[in-house]
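Notes for the one structure printed next.
Note on naming: letters A, B, ... go to the chains in the order of the sequence lines (proteins, then strands), and numbering restarts at 1 for each one.
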Number of protein chains: 2
Amino acid sequence: MKKDKRYYETKASEAEYLAWYKTQDWGSYDKPAMTVDNLIFGFDPSDEQLKILLIERKAHPFKGKFALVGGFVEPTESAKAAALRETTEETGVRITDNRQMWQIGAFTDPKRDPRQWIISIAHATFLYPFVSPQAGDDALQAKWFTITHTAENELAFKHPDETVTLDDLAFDHKAIVLATFKRIKESLDVTPDILRVLGETFISTDALVVLKHFDTKFEDYSTGNFVKTYVKNNPILMDTGLFEQNPQKPGRPKKILRFRS
Amino acid sequence: MKKDKRYYETKASEAEYLAWYKTQDWGSYDKPAMTVDNLIFGFDPSDEQLKILLIERKAHPFKGKFALVGGFVEPTESAKAAALRETTEETGVRITDNRQMWQIGAFTDPKRDPRQWIISIAHATFLYPFVSPQAGDDALQAKWFTITHTAENELAFKHPDETVTLDDLAFDHKAIVLATFKRIKESLDVTPDILRVLGETFISTDALVVLKHFDTKFEDYSTGNFVKTYVKNNPILMDTGLFEQNPQKPGRPKKILRFRS
DNA sequence: CAAATAGTGTCTCTAAGACAATATACA
DNA sequence: TGTATATTGTCTTAGAGACACTATTTG
């Protein structure tokens, strides 16, 4: 008697089932292509601004539009590994700290890509050190854009040459950006990992520049109150007790703050 | 001269590009199968306990183990639509409020499924009303398990017949459950959507039963302090000013609380 | 020594949380 | 009338945030 599907699924051993499974043809099942998109944040020390990395698309679809760094996931890697790989390809920086990259979520609308069924796993990366982007394999050039907020409190990304609004972005990257900013904002009290763009140690004024993009309450903070109410008793951040050496600017020496680990 | 890939990608119109794209064979690209897994929470009014819905697997792989409600995503639906569909199939309840279902994230380790490359988009559902599970298509029976915490503060799920620990779960569902509890806990101040298992209106004692599973601070709350410090000034919750009618138990009438919308 | 900048000290006020007192319903 | 249960009221205290003052560096 021929052994059937039901036999392997419920009667056979798991090893026997798996051996049978691999002999079957599952090609008729529809599957989506899987990509990752990565919203890479960096803090430019030259002008002390928080920036994001965008790519100008040279090919269809969305030719001429700007997009997040992204690419296809290989069958041997997780989505996070793919996002890490793409980040290194684009910047040369090899992220090793898990807390510098978050998964934001899966974007799975079957019509999000005009070509075919392509889902994307969105990530946010808090890059450090800050580097100039490298030319990618696909010859698409990436540029750092300063994050700004319009009068209507909408995001816009500025480069000396041009300004990019959320509606100028390719695919559903507007939704990805909004979800990322929302997540960072909501997580600020639990873990202010966005500050990892500043490196292991940092000063309060730079931290405030970064945090103001995510919560307006930081606009009113003096640096003193910031350290008192946000850094002290923060399970993630701490005051080193040290002060910055060799400042290039006038003013009182700056406290050095850091992540606890 | 034959028009090549480069022509369509960079010279042609987008419509022309898409028409060409569909004529190409992309079958050689590796793609993952996509599933959803859904951690369904419910509040059983008969014993006033927070419960989750688990399925006992009757077939390989992980035969005999318990698992979250899940299934494959169709090419015409988003992951959320698939999770909603599976929820209705399993419970008969049709969730219409977006806030009753969250996406937790994508689980994409290529070895998470022993059969082949199968990723899963995890969801959490705050089911209401509470109903007995229906027999699914695949004749797997679902059961409600009470959420408990061991002395080591580890989760365990209890049914009159049996106890299920996190390590008893199929696939990487342990990681999905942990990520879900973490997310709910971290979001508690932003949006206590887990309370939607109680319905539109609810009383403080039931809310505390639910919230205690996610933050130990609620163990020390009196119901009075709970309303004062958590419900009042909460942008999501409010006090209706009304009191419960026709109580079956002795005691002072209970305040009726509710979601603001 | 003036300007710039950020840390330090002080004060006010709100709100969290502990706990006692009170209100309502059942038996 | 006693018991169960939850609300209401009171008190204490910690900490958020405003703001004035002080310390350090540049030029």
Side-chain angles (χ1 to χ4, degrees), chain A residues 43 45-49 185 188-190 192 195 198 201-212 214-258, chain B residues 43 45-49 185 188-190 192 195 198 201-212 214-258:
Chain A
F43 185 81
S46 73
D47 60 0
E48 294 171 302
Q49 291 293 315
K185 176 187 166 83
L188 235 37
D189 289 327
V190 178
L195 294 179
L198 301 174
T201 64
F202 53 89
I203 59 175
S204 62
T205 40
D206 286 350
L208 281 171
V209 166
V210 172
L211 293 173
K212 277 171 186 168
F214 301 96
D215 196 328
T216 53
K217 82 170 181 186
F218 293 108
E219 290 172 7
D220 304 323
Y221 272 38
S222 69
T223 55
N225 278 347
F226 169 70
V227 174
K228 241 191 306 184
T229 70
Y230 196 78
V231 179
K232 294 250 167 68
N233 299 325
N234 189 315
I236 314 289
L237 303 178
M238 61 180 287
D239 181 352
T240 61
L242 304 174
F243 291 85
E244 201 179 45
Q245 303 297 323
N246 305 327
Q248 307 296 342
K249 294 178 185 170
R252 193 165 171 168
K254 303 157 183 36
K255 264 173 148 28
I256 298 180
L257 312 173
R258 70 173 179 87
Chain B
F43 185 80
S46 73
D47 59 0
E48 294 170 302
Q49 292 292 316
K185 176 187 166 84
L188 234 37
D189 289 327
V190 179
L195 294 179
L198 301 175
T201 63
F202 53 88
I203 60 175
S204 62
T205 40
D206 286 349
L208 280 171
V209 166
V210 172
L211 293 173
K212 278 171 186 168
F214 300 96
D215 196 329
T216 52
K217 83 171 180 186
F218 293 107
E219 290 171 8
D220 304 325
Y221 272 38
S222 69
T223 55
N225 278 347
F226 169 72
V227 174
K228 241 190 309 183
T229 69
Y230 196 78
V231 178
K232 295 247 170 69
N233 299 324
N234 188 316
I236 315 288
L237 304 178
M238 61 180 287
D239 181 352
T240 61
L242 304 174
F243 291 85
E244 200 180 46
Q245 303 296 323
N246 306 326
Q248 307 295 346
K249 293 178 185 169
R252 192 165 172 167
K254 304 158 183 30
K255 263 173 149 23
I256 298 179
L257 311 173
R258 70 173 179 87

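For A:D239 and C:dG7, the CG to C1' distance is 10 Å, given to the nearest whole Å.
Expressed to the nearest 0.5 Å, how far CG of A:L195 lies from CG of A:L188 amounts to 7.5 Å.
By the side chain to side chain contact (heavy atoms under 4.5 Å, CB included) test, A:T205 pairs with A:I203, A:T223, sequence neighbours left out. Residues satisfying the side chain to side chain donor-acceptor pair (under 3.5 Å) criterion with A:S46, sequence neighbours excluded, are A:D44. Among residues two or more places apart in sequence or in another chain, the salt bridge (Lys or Arg N to Asp or Glu O under 4.0 Å) test is passed with B:D47 by B:K51. By the side chain to side chain contact (heavy atoms under 4.5 Å, CB included) test, B:E219 is found to be paired with B:K212, B:T216, residues two or more places apart in sequence or in another chain being considered. For the side chain to side chain contact (heavy atoms under 4.5 Å, CB included) test, residues two or more places apart in sequence or in another chain that qualify with A:T201 are A:I256, A:R258.
Nucleotides of DNA chain D lying under 4.0 Å from heavy atoms of chain B occupy a range whose first and last members, 5' to 3', are D:dA4 to D:dT10.
Applying the ring pair (Phe, Tyr, Trp, His ring centres under 6.0 Å) definition to pairs two or more places apart or across chains, those involving residues 228-258 of chain B are B:F218-B:Y230, B:F226-B:Y230. Identified under the salt bridge (Lys or Arg N to Asp or Glu O under 4.0 Å) test for residues 226-237 of chain B, with sequence neighbours left out: none. Sorted by first and then second residue, the salt bridge (Lys or Arg N to Asp or Glu O under 4.0 Å) pairs involving residues 237-248 of chain B (not counting sequence neighbours) are B:D239-B:K255.
Side-chain contact between B:S204 and B:V231 is absent, with no heavy atoms from C-beta onward closer than 4.5 Å. Between B:L237 and B:F202, some side-chain heavy-atom pair lies under the 4.5 Å cut-off.
An angle of 0°, rounded to 10°, separates the two end axes of the helix from C:dC1-D:dG27 to C:dA27-D:dT1, each defined over five pairs.
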Going 5' to 3' along nucleotides 21-27 of chain C, which nucleotides have protein heavy atoms under 4.0 Å from the base (write B), which only from the sugar-phosphate (write S), and which from neither (write -)?
-BBBBS-
Pairs under 3.5 Å (N/O, protein and nucleotides 11-17 of chain C):
residue: C:dG17; atom: OP2; partner: B:Y221; partner atom: OH; Å: 2.6

Go through it in stages, so that I can follow the logic: the residues are B:L211 and B:Y221, the test is side chain to side chain contact (heavy atoms under 4.5 Å, CB included), and I'd like the CA-CA distance, side-chain angles, deciding distance and then a yes or no.
CA-CA 11 Å; B:L211 293 173; B:Y221 272 38; over 6 Å; no
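For the OP1/OP2 pair of C:dG7 and a distance below 4.0 Å, the side-chain nitrogens and oxygens of A:S204 include at least one atom meeting the criterion.
Across A:N234 and A:P192, no two heavy atoms sit closer than the pair ND2-CG, 4.3 Å.
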